[in-house]
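For ligands, and for the atoms within them, numbers begin at 1 and follow the listed sequence. Fair warning: this is a prediction, and the values are worked out from it, not measured in the lab.
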Amino acid sequence: MSHNDCIFCKIIAGDIPCFKVYETDNILCFLDIGPVNKGHALVIPKEHHENLWALPTELGKDILEACQKAGKAIVEATGADGLNVGMNNHEAAGQLVFHAHYHLIPRFKDDGHDHWQQQEYENMDEAAQLADKIKGLID
Ligand code: AMP
Ligand code: ZN
C-alpha cells in the first residue's frame, strides 16, 4: 500500500533520498531532516498507514524493536543523556506527514527543550470521572 503524494512513501521507494540508519522488511529508520537535536530519527512502517489507529497491531513488535535498537545507537552515537520517543497524530497534535511515524529524539541535560506544559485537575472527582469515561470507551 503506497500513496503517490506521500513524502515518506517516496523515501521508501527510493525516489527521495534519506539518511538511513536502520531497515528491516517492514520498517525504515532515517534521520529527520529538521532535527530537534542532531541525531533525531524517524521510525516508519514501509506500508502506508496514516496514523496510530490505522497501524496493524502486528507491526507493534517491529516498531518497538526498531525504536529500541535505533534509539540505543542514537544515544550512543550522540552521547545523549536521554531519548524521547514520540508520535503526533492528527493536525492538532502537530502531525505534518500523514504516514505514521515515531520520533526518536536524543536529549541532553540543559538542551533548552522544556518538558511540555502541564495543567492541574480542578479536583480528584474531575480526574476520576474522566478516567471512568475513558475506561468505558475502550473496546
Ligand atoms: P510530524 O510533525 O510528526 O508529522 O513530523 C514530520 C517530520 O518529518 C518532521 O519532523 C520533518 O522534519 C520530517 N521530514 C519531513 N520531510 C522529510 C524528509 N524528506 N526527510 C526526513 N525528514 C523529513
Ligand atoms: Zn506513505
Side-chain angles (χ1 to χ4, degrees):
M1 202 193 316
S2 165
H3 279 213
N4 286 336
D5 55 350
C6 171
I7 192 157
F8 287 174
C9 283
K10 286 182 182 148
I11 287 176
I12 289 155
D15 296 338
I16 290 179
C18 74
F19 295 100
K20 192 187 295 184
V21 298
Y22 178 72
E23 184 174 17
T24 68
D25 287 349
N26 300 323
I27 300 289
L28 187 68
C29 178
F30 55 97
L31 294 185
D32 191 300
I33 207 67
V36 170
N37 282 323
K38 290 173 186 174
H40 177 174
L42 302 172
V43 169
I44 68 173
K46 287 187 176 174
E47 263 188 12
H48 181 93
H49 301 288
E50 192 164 313
N51 58 30
L52 175 67
W53 301 284
L55 284 172
T57 52
E58 297 75 49
L59 274 177
K61 185 171 176 291
D62 299 63
I63 290 168
L64 179 61
E65 198 167 72
C67 288
Q68 289 179 334
K69 286 187 175 176
K72 183 168 181 279
I74 289 166
V75 167
E76 280 178 24
T78 60
D81 304 304
L83 182 80
N84 285 132
V85 180
M87 183 184 207
N88 302 325
N89 293 285
H90 294 315
E91 218 172 305
Q95 188 174 8
L96 298 171
V97 177
F98 294 89
H99 179 130
H101 54 279
Y102 291 77
H103 293 261
L104 303 179
I105 303 174
R107 294 296 307 275
F108 302 86
K109 280 175 197 151
D110 306 320
D111 62 14
H113 301 300
D114 293 334
H115 196 285
W116 51 43
Q117 269 191 325
Q118 290 179 284
Q119 301 181 30
E120 282 179 13
Y121 287 102
E122 295 298 327
N123 50 51
M124 291 305 108
D125 266 359
E126 188 193 9
Q129 277 175 29
L130 187 53
D132 279 344
K133 185 176 181 185
I134 294 167
K135 225 184 296 175
L137 289 167
I138 294 176
D139 300 332

Flag [X] as yes when one of its N or O atoms lies below 3.5 Å from any N or O atom of ligand 1, and as no otherwise.
| X | value |
| --- | --- |
| His101 | yes |
| Gln95 | no |
| Leu96 | yes |

Ring geometry between His90 and Trp53 (parallel below 30°, tilted from 30 to 60°, perpendicular above 60°):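 Parallel: the ring planes of Trp53 and His90 meet at under 30°.
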For His99, the N, O or S atom at the shortest distance from the Zn ion (ligand 2) is ND1
Are the side chain of [X] and the backbone N or O of [Y] linked by a donor-acceptor pair below 3.5 Å?
| X | Y | result |
| --- | --- | --- |
| His101 | Cys29 | no |
| Glu65 | Lys61 | no |
| Gln95 | Glu50 | yes |
| Lys46 | Thr24 | yes |
| Asn89 | Leu52 | yes |

Taking 2.8 Å as the cut-off, does Cys9 contribute an N, O or S atom near the Zn ion (ligand 2), distance below it? yes
With respect to the Zn ion (ligand 2), please indicate if His48 possesses an N, O or S atom at a distance under 2.8 Å.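 Short answer: yes, at least one N, O or S atom is under the cut-off.
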When rounded to the nearest 0.5 angstrom, what is the spacing between CD1 in Ile105 and OG1 in Thr78? 12.0 Å
Between CG on residue Asp15 and CG on residue Asn4, distance to nearest 0.5 Å: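 Output value for this atom pair is 10.0 Å.
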Non-hydrogen atom of [X] closer than 4.0 Å to ligand 1:
| X | result |
| --- | --- |
| Phe8 | yes |
| Gly94 | yes |
| His103 | yes |
| Val36 | no |
| Phe30 | yes |

Among all the protein's non-hydrogen atoms, which is closest to [atom], and how far away is it?
| atom | answer |
| --- | --- |
| atom 18 (C) of ligand 1 | Ile11 CD1, 3.9 Å |
| atom 22 (N) of ligand 1 | Ile33 N, 3.2 Å |
| atom 11 (C) of ligand 1 | Asp32 OD1, 3.4 Å |
| atom 16 (N) of ligand 1 | Ile7 CD1, 4.0 Å |

Less than 4.5 Å apart, side chain to side chain, heavy atoms only: is that true for Tyr121 and Leu130?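 Yes, at least one pair of side-chain atoms sits under 4.5 Å.
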Considering the options Lys109, Arg107, His113, which one meets the side chain to side chain donor-acceptor pair (under 3.5 Å) requirement together with Asp111? Arg107
Contact atoms of ligand 1, heavy-atom distance to Leu31 under 4.0 Å: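 Within the 4.0 Å cut-off of Leu31, ligand 1 contributes 21 (C).
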Enumerate the atoms of ligand 1 whose separation from the nearest heavy atom of Asn88 is less than 4.0 angstrom.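 Atoms satisfying the 4.0 Å criterion: 1 (P), 2 (O), 3 (O).
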Would His40 and His103 satisfy side-chain hydrogen bond (donor to acceptor under 3.5 Å, both in side chains), going step by step from the backbone distance to the final call? CA-CA 7 Å; His40 177 174; His103 293 261; 2.9 Å; yes
